[in-house]
Amino acid sequence: MAVSSWLLILVSLALTFSHDSAAASLSKDASSLLAFKTSISLDPSHLLRSWNPSTPHCLWYGVHCDPVSRRVTSLTIPGKLNSPKPSQLAAFNFTPSDSVLVGSLPTSIGNLTKLRTLSLPHHLLSGEIPAAIRRLGSLQVLQLQGNNFSGAIPPQLRYLSSLRLLNLSYNALSEPIPDRLIGYQGRLSVIDLSNNQLSGALSIYKYGKCEFLNYLRLSNNFLVDDIPVEIGRCSNLRTLLLDGNIFEGLIPAEIGRISELEILDVSRNSLTGSLPNSLAHCRKLSVLVLTSLVDFGYYSSTVDGGSLVDVYRGEFNAFEGGIPSEILLLPNLKIFWAPRANLGGRLPDNWTDLCLLRVLNLGQNYFTGALPESMIMCRNLTFLDLSSNGLGGYLPSQLRVPCMEYFNVSRNSLSGVLPRFENGSCDSSLLSLGLDTDMLWGTEMNALLGGSSFVISHDFSWNSFFGPLPSFSVGDELVLANVNASFRLLLNNNKFNGSLPHELFSSCNQLQSFSVNMSANQLSGGIYVELLLNCLNLNDFEAVGNQIVGSIPPEIGSLKKLKRLELSKNRLSGSLPDQLGELKDLKRILLGENNLTGSIPAKFSQLTSLVVLDLSQNDLTGHIPATLANDAGLEILLLDHNKLSGEIPSSFSNLANLTQLDLSFNNLSGHIPRIQQLSNCDAFKGNYFLYSCPDQYSEPPARLPVPLEVQKRHGPSKLRSFTIAMAISASVVFSVLVVIVLVLILGKRKLSRLTSLRRKVVVTFVDAPTELTYDNVVGSTGNFSIRNLIGTGGFGSTYKAEVIPGFLVAVKRLSIGRFHGNEQFDAEIRTLGRIRHKNLVTLIGYHVSETEMFLVYNYLSGGNLETFIHDRSGQNADVYSFGVVLLELISGKKSLDPSFSEFGNGFNIVAWAKLLMKEGRSYELFRPELWESGPKENLLGMLRLASACTLESLSVRPLMKQVLEKLKQFHPEH
């Protein structure tokens, strides 16, 4: 009995101790969770309403506990913001449908020591990720993507040996990735650090096995230097996404050791050299993306719940040589994406029926020779882009073009009669390639096709095809599987001849719309009524520059979906059918340079969607209908070189959108009404009975037109940010100045959408010829062709351009995605346009818009510019000159500013800066608005850097590479 009694006492004590211990742990976990709730400043949908001490913490929303110990094992609260993420929380009106938490992550989170899952994605949590997370030794899943966390990634994460999944994407994290985070130890299988502001070189622990890692995504950061060869140690990696960084050098051959690799994306970097043959060792490789001309973010709308990446980053990879045939013939390869990659040679001619390729994009490269006949073995191809190469010969007749959603062989040297491609049966599952590739393929293709609906596009333009036009078709499966399918057929700029066919596309009426461009050929004959009636869904009909004769059939009024009718430069005759006026959706009518007669139909006044009307150079007679002014959206009206008579309708003064008008060389008479936005008298010349222009009878315009100027926008910000957009004698100096932009701009402000910048305008400075226009600049670079490429870098590519004979310029095309934007780019660039320095080439002009930004500066002959641009080491850069320019920029004063005269002759900005620093008045050196905007510690750091660059002793000045690294350490607090 005594023994039994003692046993009962011991059991009772044990139970009591266990209960007290559990209670203590319960209290500790609950307190930690309540501390997290306290750190939340806004909870519009009351996600944490149940979090109160009167309720057991294991019943709180998002909290899961161990059923025995009652310790918290999971904190999972997914967020959802129905409105776009606000730039300023204070000004944002949240609604109850916004399931987000606004606040920070407190250090008390580290007290949840039994936590295995911490998942708080897509909220508005900010601040730094606390180092106390190191205490979560049991943590397996950490998901904080889609927040506003800033600062560095806690290096303590590498010690969490149980961690399996780490997702910190879509935040504002900066600094380098901590050493040994990748490949050190533990069982990390998924790492996603994409879409942050991470910088520095990528480090993979070279002594680790990296055997558990199967997914690594570092897209859209600012990682630099070479892709580390240690990546080859991660032998089980299946997905490797390094796109959208500033990686340089070669694709490491060691990637070929990753035997399990399925998806590889290295696009939008600054990689060079040949493609390694070792990639052919990755036998499971399914998706290979080498370059990309559109910034698209797969995963972002499906996995991360956010929106697609909305920034544009240019493509600066420029490889050498061809594609090893072993890579294109990999047994599991489905997507090979490499537009404008500087690749060349011939395509492999030994494809077999084992080919699984679904997507092949080799557009804008240098491939030559004929299309190999064996390509017909790739029966799964649904996307083929071989445009803008040097391909010749004929198209294989058995190529399954009707089954392709996107087919583009434009701008080659292909010839021969276009075959009538066999239809056959097609695979209707066009995008059945898996989540990753669906987003990759679908988004960029939509960008290419210009819409979100299902568009089938076949482009044969700009070749030397001849003979009659065949009847075209697309696979029935494509049409039936997509109710809203549209078809775009481009045949322009070839040598097609013969008459227009009775039927151009057999399945036209099964589509939502059909667009065809047959311009610039040698087509003849008339427009058959059957051609129109067999395609009532015709959307665009373009056949400019042919030899089409006869009249426009009245049956054209049946084409109720017609938006574009362009038949200029043909031999059309007869009168304009009244039925054209019944097409309410018609936006463009181009019928100039024909032999049309009769009058302008009064029904044209019903074309309320009309934007462009060109009836010039015909034989039209009669009066101009005054009711044309009912077409309020009209922007371009060309009626010149006809035989029109009567007065110019005074109602034209109501056409507020009219920007181009030409009524010259007619028989018009009377007064010239005041036309809004127009003052060019050339529009009225050749009408001998018109009053002189300007017409004194007409009411004068409210103000004279002024030349298009890029204007300043005065906003609330006082920061004159340093968008350094000048061409500098060494590309390293240019890169350093661009880094200043990244340092001083306020967070994620968008580039100001100035109205004047929406147009294609090149703003020029002194001594700039009038021919320096946007179209001339872009055209003279060959639309930024690699053929004119003379240098690449992390912030853009430089092209040689001869704008007019004998006038050479260098065009620096900037990657907009490298800039977070600023509101006074225009003002800064104008200031920089006035800078003249012995070691700076002259900035001639610039263009900036929402999707394009480039600088134009004088070209150094004799190869000097190329040498400077390729000099990335910075050893030969003039550090002293950079220091002087930096002082000029932050102070707003010139090197020999007149305000220095009180100090005596020879006193310059360097001496002035040293004087102020010595007397403890450094703040006086900065422009007031810049000093007020801050952050002050970064500004003072740059002042110290400028001072170091201008030291008298050459031996103690930093190298430009060191200057660049120092600037990377500065980061805005906003």
Report task. Please answer whether the main-chain N or O of Val72 pairs with a side-chain N or O of Asp29 as donor and acceptor at a distance below 3.5 Å. Result -> yes

**Report entry** Contacts of type side-chain contact (heavy atoms from CB on, under 4.5 Å), residue Thr107, not counting sequence neighbours
**Finding:** Pro130, Ala132

Query raised in the report: Do Thr113 and Arg71 have side-chain N/O donor and acceptor atoms under 3.5 Å apart?
Result: yes

Query raised in the report: For residues 43-52, which residue pairs qualify under side chain to side chain donor-acceptor pair (under 3.5 Å), counting only residues two or more places apart or in two chains?
Result: Asn52-Ser54, Asn52-Thr55

Requested in this report: Please identify each residue that fulfils side-chain contact (heavy atoms from CB on, under 4.5 Å) with Pro276, with sequence neighbours left out.
Outcome: Ile251, Ala253, Ser278, Leu279

**Report entry** Asn317 side chain vs Leu271 backbone, donor-acceptor pair below 3.5 Å
**Finding:** yes

Query raised in the report: Of all heavy-atom pairs between Gln197 and Ala172, which one has the smallest distance, and what is that distance?
Result: NE2-CB, 4.0 Å

Query raised in the report: How would you list, by chain and number, every residue that makes a side-chain hydrogen bond (donor to acceptor under 3.5 Å, both in side chains) with Ser235, sequence neighbours excluded?
Result: none

Query - Greater than 12 external heavy atoms within 6.0 Å of Lys37's NZ - result: yes

Query raised in the report: So, Arg268 and Asp243, do they make that salt bridge, N to O below 4.0 Å?
Result: yes

Query raised in the report: Mind checking what makes disulfide (SG to SG under 2.5 Å) contact with Cys210, not counting sequence neighbours?
Result: Cys234

Query raised in the report: Which residue pairs satisfy the side chain to side chain donor-acceptor pair (under 3.5 Å) criterion with at least one member in residues 130-143, sequence neighbours excluded?
Result: Asn111-Arg135, Ser119-Gln143

**Report entry** Beyond-backbone contact of Ile246 with Phe316, side-chain heavy atoms, under 4.5 angstrom
**Finding:** no

Query raised in the report: Ignoring hydrogens and geometry, is there a side-chain-to-backbone donor-acceptor pair from Asp265 to Leu242 under 3.5 Å?
Result: no

Requested in this report: For Gln156, check side-chain hydrogen bond (donor to acceptor under 3.5 Å, both in side chains) against everything at least two apart and list the hits.
Outcome: none

Requested in this report: State, with a plain yes or no, whether a side-chain heavy atom of Leu264 is found less than 4.5 Å away from one of Val289.
Outcome: no

Report task. Identify, with sequence neighbours excluded, every residue that meets side-chain contact (heavy atoms from CB on, under 4.5 Å) alongside Leu120. Result -> Phe36, Leu75, Ile77, Leu105, Leu118, His123, Leu125, Leu144

Report task. For Thr73, check side-chain hydrogen bond (donor to acceptor under 3.5 Å, both in side chains) against everything at least two apart and list the hits. Result -> none

Query - Partner residues of Pro331 under the side-chain contact (heavy atoms from CB on, under 4.5 Å) criterion, sequence neighbours left out - result: Arg283

Query raised in the report: Just by distance, with hydrogens left out, do Asn221 and Asn196 show a side-chain donor and acceptor under 3.5 Å apart?
Result: no

Requested in this report: Say whether, by atom type as modelled, one donor and one acceptor occur between the side chain of Asn332 and the main chain of Leu285 under 3.5 angstrom.
Outcome: no

Report task. State which residues pass side-chain hydrogen bond (donor to acceptor under 3.5 Å, both in side chains) with Ser150; sequence neighbours excluded, sorted by chain then number. Result -> none

Query raised in the report: Taking only residues two or more places apart in sequence or in another chain, which ones pass salt bridge (charged side-chain N to carboxylate O under 4.0 Å, His left out) with Glu260?
Result: Lys284

